[in-house]
Protein chains: 2
Amino acid sequence: MSGGVEWALHCCVVLTSVREPVPAARLAQLHDVSPSYLAKQLQALSRAGLVRSVQGKAGGYVLTRSPELISVLDVVEAVDGPGPAFVCTEIRRRGPLAASPESCTAPCAVKRAMAGAEAAWRDALRSVSVADLARDVTSDYGPGTLAGISAWLGAAEA
Amino acid sequence: MSGGVEWALHCCVVLTSVREPVPAARLAQLHDVSPSYLAKQLQALSRAGLVRSVQGKAGGYVLTRSPELISVLDVVEAVDGPGPAFVCTEIRRRGPLAASPESCTAPCAVKRAMAGAEAAWRDALRSVSVADLARDVTSDYGPGTLAGISAWLGAAEA
DNA sequence: GGAGATCTACTCGGATAGGTCCTGTCCGAGTGGGCGGGG
DNA sequence: CCCCGCCCACTCGGACAGGACCTATCCGAGTAGATCTCC
């Protein structure tokens, strides 16, 4: 799993607390990570339509919709790609005892098992929204946490 | 996810139908895959204790226990490693607004969400055994399928 | 004919190159705001 | 004083190297069976 997923999720949580666009560089120094690489992750979020990028002097990134409507799965798929982690290479059709093509209408048992597990994983990620994460943050570190971050983002320099 | 997982699972299913040791090279030509690389996967299974390797002229690999007691998760962890796919780098403790160490007793919200999803994934894989896969194979391609494979494995040459 | 030692051939196991994707970085295109000039 | 045009600085976006992990491969250590010899 790509490590940039973590960065993207934290950025989404942070973006929950602001309505003004936040530049990628500012998010990077907030998290103390590579600005250029974080920019790449945010571009992925932008391509997926989760955030809206505004250019110009006061530009940056803003969430396109309410945090309740953004699931963790959305972010993960945007950064890591929507494709499944397990790819079936159809081994059953190869070799001297290959299964006949008319027997292969349904996916093989191995693929079914892996697909079911990935479906459970996706369901779990889909059931958690960015708003839920933000709520957990407030309950973990206190109500003023996100407000403080929002104020720091708006301030001039660190 | 490592592609070798698929090979290992199919090999385990095949090994369900035999009691004699099967060489890695024979499993490789049955599946029409690279013998050397398949050997590496089987070595991983051996290290994990899922299969027993016997050397010598009639050597090969055999399952160490009943297929009902081998879960798909066991195979996946043996090949891909037991570590979780998502690794939390503790971003919250970095940057100018880093969370205080005494606030970080519990894992952060992002890590909790990802860990929960991976737990669901693992549970799904744990609930499926290699015996279940073999049963699905018989119901998919007919009762004689595994018997035919077993006979082919015992035959001299292809 | 039977038993023993040897010998061979076959097996696994780990150490070794190559390829592909993730990680990290850079610079150019585009755009909104700020400033100066004019009415 | 207000409006317009220009300029600039700041932003994103995609194209470019470096590194790590997965993929693929090879050869050596070890062992079980088969063979040959001797009794």
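In what follows, chains are A, B, ... by sequence order, proteins preceding strands, each numbered from 1.
- Residue B:Ser2 places at least one side-chain N or O closer than 4.0 Å to OP1 or OP2 of D:dT23.
- Phosphate contact (OP1/OP2 of D:dG13, side-chain N/O of A:Arg47, threshold under 4.0 Å): absent.
- For the pair A:Ser34 and C:dT25, the criterion of a side-chain N or O lying under 4.0 Å from OP1 or OP2 is met.
- At a threshold of 4.0 angstrom between heavy atoms, the contacts of B:Ser36 include nucleobase atoms, whether or not backbone atoms are also involved.
- Relative to the side chain of A:Pro23, the nucleotides D:dA15, D:dC12, C:dC10 differ in distance, and D:dC12 lies closest.
- At a threshold of 4.0 angstrom between heavy atoms, the contacts of A:Arg52 with the nucleic acid are absent.
- Taking 4.0 angstrom as the limit, B:Ser53 places a side-chain polar atom (N or O) nearer than this to OP1 or OP2 of C:dG13.
- Side-chain atoms of A:Gln43 and base atoms of D:dG13 include a donor and an acceptor less than 3.5 Å apart.
- Under the 4.0 Å criterion applied to side-chain N and carboxylate O atoms, A:Asp74 and A:Arg65 are assigned as salt-bridge partners.
- Atoms CZ and NE2, from A:Arg94 and B:His31 in turn, are 10.0 Å apart once rounded to the nearest 0.5 Å.
- The residue B:Ala25 sits apart from the nucleic acid: no heavy atom pair falls under 4.0 Å.
- Applying the 4.0 Å criterion to OP1 and OP2 of D:dG13, one finds that A:Tyr61 has a side-chain N or O inside that range.
- In summary, A:Lys111 and B:Glu6 do not engage in a salt bridge, as defined by a charged side-chain N under 4.0 Å from a carboxylate O.
- For the atom pair OH (A:Tyr141) and CD1 (A:Ile149), the distance works out to 9.5 Å, reported to the nearest 0.5 Å.
- The distance between atom CG of B:Leu45 and atom P of C:dC12, rounded to the nearest whole Å, is 13 Å.
- A sub-4.0 Å separation between OP1 or OP2 of D:dG13 and a side-chain N or O of A:Ser46 is present.
- The distance from atom CD of A:Glu6 to atom P of C:dT23 is 11 Å, rounded to the nearest whole Å.
- Within the 4.0 angstrom heavy-atom criterion, no nucleotide atom of any strand lies near A:Ala39.
- The existence of a salt bridge linking B:Asp140 and A:Arg112 is confirmed by a sub-4.0 Å separation between a basic side-chain nitrogen and an acidic carboxylate oxygen.
- We find that NZ of A:Lys57 is positioned 10 Å from C1' of C:dC35, with the value rounded to whole Å.
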